[in-house]
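Letters go in sequence order (proteins before strands), and every chain restarts at 1.
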Amino acid sequence: MIDYTATLNEAQYEAVTSGDGPVLVVAGAGSGKTRTIIYRLAWLVEHGTPPESILLLTFTRKAAHEMLHRAGLLLGAGLSRTQGGTFHAFAYGALRANHPLWLNGRPFTLMDASDITDAIRHCKEALKLGRGDRSFPKTQTIAGFFSKARNKELPLADVLEREAFHLLPHSEALVSLEVAYTAWRREKGLFDYDDLLFELEGLLADETAARILRRRFTHILVDEYQDTNRVQARITRLLAGVRAAGEVGADPCNVMAVGDEAQSIYAFRGADVRNILDFQKIFPGTRVIRLEENYRSTKPVLEVANSLLANAAESFHKTLFTRTEGGDPVRLVMPLSDMSEATLVVRRIRELLDIYLPHEIAVLFRAGFHSYHLEMALQQAGIAFRKYGGLRYTEAAHVKDIVAYARLVLNLLDMPAFARVAALHSGIGPKTVQKVYAALSLCDPAITSKALARYPGLQEDIGFVDKLRALQQKPEDIFSAVLEHYFPKLEFLYPDDWPRRRQGLEEIIQMAAGYAELDIFVADLALESPEADGSDNENRITLSTVHSAKGLEWNAVLIIDLVEDRFPSRHALARPDDFEEERRLMYVACTRARKNLDLYAPASIYSRATRGNLYVSQSPFVRELPLGLAEEWVESLGGTLTRRKISHPARSPHPSCDSLRNTEGEPARSPACGACRHRIFGRGKIVKHLPPDKVQVNFPGFGLKIILAEYLLMED
DNA sequence: GGATAACTGGTTTTT
DNA sequence: CCAGTTATCC
């Protein structure tokens, strides 16, 4: 038997050992949330719950696997029969077993990100929309809005009105494009990410199907509940069932949701914090347990994190505490440019490598491309890294090529895969693809062979795929056959860099080896690519977007590019809600650090457009940092860092005029204060004078701030 | 008409 | 670095 009291605190113990009924665990950053889930899994199994009756829904498959693995270690027995993964992966599995009726028995295929943009581009061309119109949004942007509308469950026109005022002239065109895209998916049997969730909900709407799943999964655990969207919350409810007060029915309603509203960072894709705030209303009789003590970070790190939340909108106020004292100070480094930032970060990583192993160090940033300079500098310095977020292994063209062959083995009428394989042959472009596909979809051997006769290369490929299908092999054997078939083409397809692409292509066979079913493997590739290389990860530092760093932790964390327009992102400055999400994102980034936290705010950023360095404002999250919370280091020419004890007046703790542009794109200013003749940056208004040297200012949408008068402009 | 080469301008975050 | 556009070639 496991000794639960030895390693758990009181609140954790209560969560782990709670009996039947709904439970909500509100777990602050670093409060032992993962440990709690692991022990909960072990406790359930130890107290008679069959492992296969537990469903663990997490944010990444990796998180689920790790928790199950560690719970298995505790128990001394594997938890391989427990299902764990993302909502999307679970939905795929459920729909695979219960085909939606409207498909009429046809196979369905999961689209990956590029399939989605390709499909939208195709519809856009078919409808002749936005041709040569520079103001028409990019296909990827359109895909983003389509998905956002569905995740927020709002009409597309409403989303555009709220979030993309400048696209309103195209509203009608985009709505018709959305209709066409939906029709295209249904016609071709294609599911995008959002379809998975809504189709699963549709499945659960059938009471018989829902009851079967409820009986199968008597205990449901949902991690990162603050980042679920509305349909995911409804799915949770449908899977758990709801018992009215006092009722003892068939629905077990053993659901445990774990989350932290201060770490909600996915509102952009429809995550709704109300799911966690309203949990008790949805599930009557919920037991709420709070984990508040932080075991992860040192005091200096927590003070910075707490200060970020102290400036947040009301509902997110929260303070983490630790019983441990001491720890290195948080460092705020101000390089001259993003180029020298890369140099300084490399230098700092060298220092940290004397103390920590590579895998205990991470560099975090707001967007994938922010790390380009650093990636080059690390390469030159010979420091190995792996990058999360941004381009993935499975998004490389040559990997998509082989996966496309595998998808055709599953389903010859998989439109995106067919288009990809067909276009590998010279002389076949988009139009020919459409023609040949139309002929193939009639499923008449005579017509098929006639259509293919004109394209011998493609005919050979189709023959190869048909043969492979007939053999009914294991996924790894199918991929080795595909590789053998594909290798000779590689040199011709990618003359510039085929040797590089050849490297690591065989890894896909290793990845496939863990799977018994080809379609599940292919679906997983689209949902979340497995670790590309498991070999020397211990010897690499981590580069990651903050979003991809969620749920992870390192001894040393460096956050780069803390400047306005980057972190917070330019797009977030228009609306206060988005700005608040950036703040929580910064909070998530800081709370990843166990011992060392370095913040980098370069004074300038290289811009291609002007072929020079542009001076930039520091991120408001840096400017608002109270003096004394971080040690400040300034770079001077020549790359030397100097410790700065007194803060510069430019370090004003409020958004600058740049970050408070109105919709016309002009910096807005209020008139000078009648009493003191001071002017405020942006739209701020002085509401109170606090003698001798401070004023209270209200920034519409950002709230009240107290500011030193010397930071303000005098009317001239 | 349709495929491919050359060019240009602009980058959020993810399943 | 990559998607979308225009120019050129079959």
Side-chain angles (χ1 to χ4, degrees), chain A residues 57-62 85-92 110-118 120-121 124-125 130-134 136-144 147-148 150-151 163 191-197 200 224 227-229 231-232 264-271 364-373 375-376 388-392 394-397 422-423 425-435 523-529 544-550 561 565-573 578 581-582 584-586 588-589 605 607-611:
Chain A
L57 294 171
T58 55
F59 214 69
T60 64
R61 179 177 45 212
K62 206 173 129 221
T86 61
F87 272 93
H88 291 86
F90 173 70
Y92 180 81
L110 188 54
M111 304 165 90
D112 67 14
S114 70
D115 294 336
I116 293 167
T117 43
D118 288 349
I120 294 175
R121 187 178 306 118
K124 185 182 140 203
E125 275 159 21
R131 281 213 293 206
D133 181 354
R134 291 183 153 274
F136 202 79
K138 299 241 166 69
T139 311
Q140 269 188 338
T141 314
I142 299 172
S147 179
K148 187 170 251 187
R150 295 188 73 203
N151 279 290
E163 307 201 10
F191 283 16
D192 65 16
Y193 296 111
D194 308 322
D195 289 328
L196 284 176
L197 300 180
L200 174 60
E224 308 282 8
D227 280 325
T228 53
N229 61 23
V231 64
Q232 285 170 326
S264 125
I265 54 175
Y266 278 92
F268 74 89
R269 74 170 203 208
L364 306 184
F365 33 86
R366 175 64 178 82
F369 72 94
H370 293 168
S371 66
Y372 287 165
H373 288 312
E375 285 172 47
M376 288 202 281
Y388 288 118
L391 247 175
R392 297 209 190 92
T394 45
E395 281 166 22
H425 302 93
S426 92
I428 302 182
K431 293 283 176 191
T432 314
V433 166
Q434 292 303 319
K435 262 189 275 178
D524 272 2
L525 287 177
L527 287 170
E528 199 190 339
S529 39
S544 177
T545 60
V546 181
H547 282 93
S548 299
K550 182 162 121 155
D561 281 6
D565 272 18
R566 289 208 157 186
F567 200 161
S569 159
R570 179 187 319 164
H571 306 274
L573 297 172
D578 288 356
E581 178 145 312
E582 299 287 311
R584 295 194 294 275
L585 200 53
M586 181 67 184
V588 168
I605 295 271
S607 148
R608 260 249 291 251
T610 56
R611 281 198 238 101

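- Comparing the P positions of B:dT13 and C:dG4 gives an interatomic distance of 16 Å, to the nearest angstrom.
- Residue A:H373 contributes atom NE2, which lies 13 Å from atom C1' of B:dT11 at whole-angstrom precision.
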Could you encode protein contacts along nucleotides 4-10 of chain C as a string, one character per nucleotide from 5' to 3', using B for base contact, S for sugar-phosphate-only contact and - for no contact, with a heavy-atom cut-off of under 4.0 Å?
S------
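- Contacts of A:H370 classified as ring-ring contact (aromatic ring centres under 6.0 Å, His included), with partners at least two apart in sequence or in another chain: none.
- Under a cutoff of 6.0 Å and an axis angle of 45°, A:K550 and A:F59 form a cation-pi pair.
- Nucleotides B:dT12 and C:dT5 have their C1' atoms positioned 24 Å apart, rounded to a whole Å.
- Here C:dC1 presents its P atom at 16 Å from NE2 of A:H370, a figure rounded to the nearest Å.
- Checking B:dT15, B:dG2, B:dT11 against every side-chain atom of A:K431, the shortest atom distance belongs to B:dG2.
- Computed from coordinates, the A:D561 CG to B:dT11 C1' distance equals 13 Å when rounded to whole Å.
- As a whole-Å value, the separation of A:R566 CZ from B:dT13 P is 11 Å.
- Following rounding to the nearest Å, A:L196 (CG) and B:dT15 (P) show an atom-to-atom distance of 13 Å.
- For A:R150, the salt bridge (Lys or Arg N to Asp or Glu O under 4.0 Å) partners are A:D192, A:D195, not counting sequence neighbours.
- Picking from B:dT13, C:dC1, B:dT15 the nucleotide with the shortest atom distance to the side chain of A:Y372 gives C:dC1.
- Note on A:R61 versus A:D524: salt bridge recorded, some NZ/NE/NH1/NH2 to OD/OE distance being below 4.0 Å.
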Begin from the C-alpha positions of A:N151 and A:S147 and carry the test side-chain hydrogen bond (donor to acceptor under 3.5 Å, both in side chains) through to its verdict.
CA-CA 6 Å; A:N151 279 290; A:S147 179; 3.1 Å; yes
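- In this structure, A:T432 reaches the sugar-phosphate backbone alone: every heavy-atom distance under 4.0 Å involves primed, P, OP1 or OP2 atoms, never a base.
- Within the 4.0 angstrom heavy-atom criterion, no nucleotide atom of any strand lies near A:T60.
- A:Y266 comes within contact range of the sugar-phosphate backbone alone, with a heavy-atom separation under 4.0 Å but no base atom that close.
- Closest to the side chain of A:P430, from the set B:dA3, B:dT15, B:dT13, is B:dA3.
- Stacking here means ring centres nearer than 5.5 Å and ring planes tilted less than 30 degrees, and by that measure A:H571 stacks onto B:dT12.
- Between A:F567 and A:D561, the closest side-chain pair of non-hydrogen atoms is not below 4.5 Å.
- The nearest heavy atom of DNA chain B to A:L585 and to A:I428 marks one nucleotide each, and the one closer to the 5' end goes with A:I428.
- In this structure, of B:dT14, B:dT12, B:dG2, it is B:dT14 that holds the atom nearest to the side chain of A:S548.
- Remark: C1' of B:dG10 and CG of A:D565 are 13 Å apart, rounded to the nearest angstrom.
- A stacking contact links A:F268 to B:dT13: the aromatic ring centre lies within less than 5.5 Å of the base's six-membered ring centre, and the planes differ by less than 30°.
- Rounded to whole Å, the distance from CZ on A:F59 to C1' on B:dT15 is 8 Å.
- Here the C1' atom of nucleotide B:dT14 and the CG atom of A:N229 are 12 Å apart, to the nearest Å.
- By the 4.0 Å N-to-carboxylate-O rule, A:D227 lies too far from A:R269 to be salt-bridged with it.
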